[in-house]
Protein chains: 2
Amino acid sequence: MGTAERREREKLRRRTDIVDAAENVFFSKGFENSTMDDVASEAELSKGTLYLYFKSKEELYLEIVHRATKILSGLFLEAVKNKTTGLEKTKAIGEGFIKFNKEYPNYHNAFLYHQTKQYDEKLSADLESSVFGVKRQSMEIFVDAIKSGIKDGSIRETLDPVKTAVLLWGETTGILMLIKFKGKLLRQNLNLSEEELISYFFEFTYQALKTN
Amino acid sequence: MGTAERREREKLRRRTDIVDAAENVFFSKGFENSTMDDVASEAELSKGTLYLYFKSKEELYLEIVHRATKILSGLFLEAVKNKTTGLEKTKAIGEGFIKFNKEYPNYHNAFLYHQTKQYDEKLSADLESSVFGVKRQSMEIFVDAIKSGIKDGSIRETLDPVKTAVLLWGETTGILMLIKFKGKLLRQNLNLSEEELISYFFEFTYQALKTN
DNA sequence: TCAAATAAATGACCGTTAGTCATAAAAAAG
DNA sequence: CTTTTTTATGACTAACGGTCATTTATTTGA
């Protein structure tokens, strides 16, 4: 009989519901300020039940990061479509990053926060590595764009695709973090707006990538 | 009589001792895993006393970031000395960043962690702004280097000194963070070492800055 | 030198929160 | 309908940041 399968589905469904609840709570109050009781109440469950589905508050959080990572990966794929040269693709990926920041600010915050954490080796190795798996996908899209740019002559052929992708990933994250955490100071003290900095970054990087 | 002055000195001395103790504890166990009781015991004081000198655990931490920032600023000054062209100065500042990372890893960690936090507006406005003051100094050294490079013709004249300094600051932080938090994954999954990535970053950036 | 006044230090205590576990309710199996 | 298994509960614990009434040490003024 299909009882077992149904139960499996229901279990998964409950898991998803809990993550949804956690998302609502974390996104509205911030991760640090949210309590597991908040999440339990939002999910209309008791706190104990949460721990039947997740090992810790952190694992719940990682699940959200997983969602974020999948969204970003999707944005990358979409960005690359309909672009001709590799350079254009690469630029589009950068714009995908910005779109992520603009259209999914909560997921992006979760994602940034995650990048500044190292997790317990053993504890959540599975989830962490599955997150990394999706990130790897995004990275591959990135690497492919650069490779194709080198092939079609739009990107300098002295560049190394993998290194460049990692580099741009790190740089972009750095800039977006700077904006997120110190954006106000930049505006007030240096009279530099978010948009200016981003477009300057794009221009600077574009020049460094393109063939002369 | 000089009693008041002496007491003032002693108070300051105690403050310093507490920060020293906090440093030992935070650096060895990590900020999150350290308790105020740990710090108190390291400082050979009771916990209550800590709160006579610092408003919170976070303020204690900010004090360490302040030290870190001063060190970085000093490294920048030292780096710029004896360099002739602005481009060389700029590169030397980048190397100063790396030196900070290599020679003062604990301070650098504190510094990075700080960059990913936004603090209570009111609570520690004084200290936060004094930290920002020192950072501003570093930033000025950076901006001056780029300006001089534009003047002496070693750096592309289409670049904006302030924007470029902010940009490079953000990029460098991004790369160092990537290495710190995901360095192991980069090595294992992409076979990319820390040193390779850094030198690639330098080369890439150098090309983007220099006049053709 | 000593008592009053002031400053510095203490540690028991409080409120909060992540995580646990014995118990109960619900569902499935036979 | 009874037994077994699964799922859910919420009172409880341990740990920690921060507070405050009380104690201890130091300074002041006569």
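Letters A, B, ... mirror the listed sequences (proteins, then strands); counts begin at 1.
A/R7 has a side-chain polar atom (N or O) that falls below the 4.0 Å cut-off from OP1 or OP2 of D/dT7. For A/R6, a side-chain nitrogen or oxygen approaches OP1 or OP2 of C/dA28 to under 4.0 Å. Taking 4.0 angstrom as the limit, B/T49 places none of its side-chain polar atoms (N or O) nearer than this to OP1 or OP2 of C/dA9. An OP1 or OP2 oxygen of C/dG11 is reached within less than 4.0 angstrom by no side-chain nitrogen or oxygen of B/K47. Look at B/Y51 and you'll find a side-chain N or O under 4.0 angstrom from OP1 or OP2 of D/dG18.
Following rounding to the nearest Å, A/D17 (CG) and D/dA8 (C1') show an atom-to-atom distance of 15 Å. Per the geometry, CE belonging to B/M36 stands 19 Å off P belonging to C/dT16, to the nearest Å. Atom CD of A/E58 and atom C1' of C/dT17 are 15 Å apart (whole Å). Across the protein-nucleic acid pair, B/L50 atom CG and C/dA9 atom P stand 11 Å apart, rounded to whole Å. Protein atom NZ of A/K29 is 12 Å distant from nucleotide atom P of C/dT16, rounded to whole Å. Between A/L60 atom CG and C/dT17 atom P there is a gap of 16 Å when expressed in whole angstrom units. Taking atom CG of residue A/N33 and atom P of nucleotide C/dG15, one finds them 20 Å apart after rounding to whole Å. Rounded to an integer number of Å, the gap from CG of B/D37 to P of D/dA14 is 17 Å.
Side-chain N or O atoms of A/K11 include none that pairs as donor or acceptor with a backbone N or O of A/Y53 at under 3.5 Å.
In terms of position on DNA chain D, the residue among B/E32 and A/L52 whose nearest nucleotide sits closer to the 5' end is A/L52. Between A/K57 and B/L45, the residue anchored closer to the 5' end of DNA chain C is B/L45, taking for each the nucleotide with the nearest heavy atom. Nearer to the 5' terminus of DNA chain C, by closest-nucleotide assignment, is the contact made by A/S34 (compared with the other of A/G48 and A/S34).
Looking at A/L178 and B/E171, their side chains never come closer than 4.5 Å, going by heavy atoms from C-beta outward.
Electrostatic pairing of A/E203 and B/K163 does not count as a salt bridge here, judged by no charged N lying under 4.0 Å from a carboxylate O. Taking 4.0 Å as the cut-off between side-chain N and carboxylate O, B/K29 and B/E42 do not count as a salt-bridged pair.
Nearest to the side-chain atoms of B/S46 among the listed nucleotides C/dA9, D/dG10, D/dT7 stands C/dA9.
Among the protein residues, B/F54 comes within range of no part of the nucleic acid, since none of its heavy atoms lies under 4.0 Å from any strand.
To the nearest 0.5 angstrom, A/I198 atom CD1 is 6.0 Å from A/N101 atom CG.
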